[in-house]
*Asks:* 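Following this message is one structure expressed as structure tokens.
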Number of protein chains: 2
Amino acid sequence: MLSLTEENYLKAIYHLSDGGSKSVLTNEVADAMSTKPASVTDMVKKLSAKKLITYEKYYGVTITKQGKTDALNIIRKHRLWETFLVQKLNFHWDQVHEVAEQLEHIQSPLLIEKLDEFLNFPVADPHGHPIPDKNGKIHTGQQIPLCEVPGKKTVTVLAVNVKESSSFLQYLSKIGVYIGAKLAILDKAEFDGSIEIMIDGKKKVFVSKEASQNILVTP
Amino acid sequence: MLSLTEENYLKAIYHLSDGGSKSVLTNEVADAMSTKPASVTDMVKKLSAKKLITYEKYYGVTITKQGKTDALNIIRKHRLWETFLVQKLNFHWDQVHEVAEQLEHIQSPLLIEKLDEFLNFPVADPHGHPIPDKNGKIHTGQQIPLCEVPGKKTVTVLAVNVKESSSFLQYLSKIGVYIGAKLAILDKAEFDGSIEIMIDGKKKVFVSKEASQNILVTP
DNA sequence: TAAAAAGTTTAGACGAGTCTAAAAAATTAT
DNA sequence: ATAATTTTTTAGACTCGTCTAAACTTTTTA
């Protein structure tokens, strides 16, 4: 059984390692968790003792099979709760993250099973991120950042990256971008990477490079 | 802002003091919280410093106005979550307590407001206990333990006391007692306090004194 | 009403999680 | 390839919530 803090570290390491595909440095974890490197060192020793990560002094940590499983379970809970908040309680997609950060730590497999059923076994959360199934399997199709779409075609919004800032989500709502929106790429500015798009064939807007990196669309 | 532990102590003190109407001794709190008296002494000093209780050495604690408000807010959350689990997720009434003990600590006034609305502003939880409104007001009609009903009339089940044991709830389900059930009192045994009742005009059973003390009915 | 019992508090310790400051290792720059 | 810089770890300390053992206060009993 993991403590709340251990769960948060494990989840951060999972995300920083891109789902376990690369190793993660102490300072990266410290940044992500808003703690000091010394605290991270202490914690990775504990997670390593529990076989959830492997830790090599001065060279960072790698997540183990079991660590991945545990992390995916937490992420599953987080995304199911976000889905609940938006679909059932009418939260806005920019209001759910902090609450789900708390709810994801509730310990009750039965609760999650029943919540999943209540929500009709959703496959993605309100930001388009896939919800791991109860075995930790993620079903995702191909998706690429808007800024990397070649040429001037029309694409569909599949997901948006959230990080910390709900203000990005508010911005997207304001300009009319949502999961499922159709974006026609009209023009790309070489000098700053900004893109002109037409949203749902109605509204023309410019989005910055920064923004277009965080809008994931059909390839 | 209270810690999880402080919230649990405050809630225990609220319940032990019958909603603030009497003072509570250190040992009673220790029993209720399954800790040692020494730990209670430490904690009541902290809650007292926060003006949630008044503490007089060797003479126990009394809950303050603010303490009552905070305790009622936690109880409100607990009972709303229990209602959610039963009404929306199809939990059984004997499965909800432990999960609600966790959920009651989630910090988000917006969540509770929306949950309340989603549940259609329920006035009682699955065990018949009143849900304080957002101002901490409790709307309860008169209710008395089954064992104290005078004579042999027919009464309606309004609530059941839960304490720790879900086995009492399982027992009640098994014999057919639920919130709203009609109980006709057929006979009372002097020697052991047991009562013979007819449930919903269908099923005759004997219930022990112990059980009849924890079934609350219309007067 | 004095002695015994019961209940409560204090003192000191411990684990979890965090921090700062200093030491050690790795990286980079000259 | 050695010096300077950056990163990481260690050491020691602090808070929170807990404990045991001992001291103290209140209540009960004889």
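Lettering of chains follows the sequences in order, A, B, ..., and the numbering in each one begins at 1.
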*Asks:* List the atom pairs, with distances to 0.1 Å, where a side-chain N or O of residues 206-219 of chain A and a protein N or O form a donor-acceptor pair under 3.5 Å, not counting sequence neighbours.
*Replies:*
{"unit_1": "A/Ser208", "atom_1": "OG", "unit_2": "A/Ala211", "atom_2": "N", "d": "3.1"}
{"unit_1": "A/Ser212", "atom_1": "OG", "unit_2": "A/Ser208", "atom_2": "O", "d": "3.4"}
{"unit_1": "A/Ser212", "atom_1": "OG", "unit_2": "A/Lys209", "atom_2": "O", "d": "2.9"}
{"unit_1": "A/Asn214", "atom_1": "OD1", "unit_2": "A/Asn161", "atom_2": "ND2", "d": "3.3"}
{"unit_1": "A/Asn214", "atom_1": "ND2", "unit_2": "A/Glu210", "atom_2": "O", "d": "3.0"}
{"unit_1": "A/Thr218", "atom_1": "OG1", "unit_2": "A/Thr156", "atom_2": "N", "d": "3.0"}

*Asks:* Ring pair (Phe, Tyr, Trp, His ring centres under 6.0 Å): which pairs involve residues 35-76 of chain B, sequence neighbours left out?
*Replies:*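 Applying ring pair (Phe, Tyr, Trp, His ring centres under 6.0 Å) to every pair that reaches into residues 35-76 of chain B, excluding sequence neighbours, yields nothing.
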
*Asks:* Go through the structure and list residues passing ring-ring contact (aromatic ring centres under 6.0 Å, His included) with A/Tyr9, not counting sequence neighbours.
*Replies:*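 By the ring-ring contact (aromatic ring centres under 6.0 Å, His included) rule, A/Tyr9 matches no residue at all.
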
*Asks:* Taking N or O atoms only and anything under 3.5 Å, show me the protein contacts with nucleotides 19-29 of chain C, one pair per line.
*Replies:*
{"unit_1": "C/dC19", "atom_1": "OP2", "unit_2": "A/Lys36", "atom_2": "N", "d": "3.1"}
{"unit_1": "C/dC19", "atom_1": "OP2", "unit_2": "A/Ser39", "atom_2": "OG", "d": "2.7"}
{"unit_1": "C/dA25", "atom_1": "O4'", "unit_2": "A/Tyr58", "atom_2": "OH", "d": "3.4"}

*Asks:* How close or far is atom P of D/dT26 from atom CD of B/Glu56, stated in whole angstroms?
*Replies:*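 After rounding, the gap between these two atoms is 10 Å.
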
*Asks:* Under the rule for ring-ring contact (aromatic ring centres under 6.0 Å, His included), what residues qualify as partners of B/His78, not counting sequence neighbours?
*Replies:* B/His97

*Asks:* Rounded to whole angstrom units, what separation is found between the CE atom of B/Met43 and the C1' atom of C/dT8?
*Replies:*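 Rounded to whole Å, this separation is 17 Å.
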
*Asks:* Tell me the interatomic distance from A/Asp31, atom CG, to D/dT7, atom C1', rounded to whole angstroms.
*Replies:*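 Taking CG of A/Asp31 and C1' of D/dT7, I get 12 Å after rounding.
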
*Asks:* So, is A/Thr26 close to the D/dT9 phosphate, meaning a side-chain N or O under 4.0 Å from OP1 or OP2?
*Replies:* yes

*Asks:* Validate the cation-pi geometry between B/Lys88 and A/Phe118: distance from NZ or CZ to the six-membered ring centre under 6.0 Å, angle to the ring axis within 45°.
*Replies:* no

*Asks:* How long is the line joining CG of B/Leu25 and C1' of C/dA6, in whole Å?
*Replies:* 12 Å

*Asks:* Give the rounded distance in Å between these two atoms: CG of B/Asn27 and P of D/dT27.
*Replies:* 14 Å

*Asks:* Can you tell me the distance, in whole Å, between the CD atom of A/Glu28 and the C1' atom of D/dT7?
*Replies:* 12 Å

*Asks:* Please give me every residue in residues 7-14 of chain A whose heavy atoms get under 4.0 Å of an atom in DNA chain C, ordered by residue number.
*Replies:*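 Result for residues 7-14 of chain A: A/Tyr9, sorted by number.
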
*Asks:* Could I get the full list of ring-ring contact (aromatic ring centres under 6.0 Å, His included) partners for B/His127, not counting sequence neighbours?
*Replies:*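 Scan of B/His127 (ring-ring contact (aromatic ring centres under 6.0 Å, His included), adjacent residues dropped) gives none.
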
*Asks:* Would you give me the side-chain donor-acceptor pairs under 3.5 Å for residues 21-32 of chain B, sequence neighbours excluded?
*Replies:*
{"unit_1": "B/Ser21", "atom_1": "OG", "unit_2": "B/Ser17", "atom_2": "O", "d": "3.3"}
{"unit_1": "B/Ser21", "atom_1": "OG", "unit_2": "B/Asp18", "atom_2": "O", "d": "2.9"}
{"unit_1": "B/Glu28", "atom_1": "OE2", "unit_2": "B/Leu25", "atom_2": "N", "d": "2.9"}

*Asks:* Could you name each residue pair satisfying side chain to side chain donor-acceptor pair (under 3.5 Å) that touches residues 132-151 of chain B, not counting sequence neighbours?
*Replies:*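 For residues 132-151 of chain B, and leaving out neighbouring residues, there are no side chain to side chain donor-acceptor pair (under 3.5 Å) pairs at all.
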
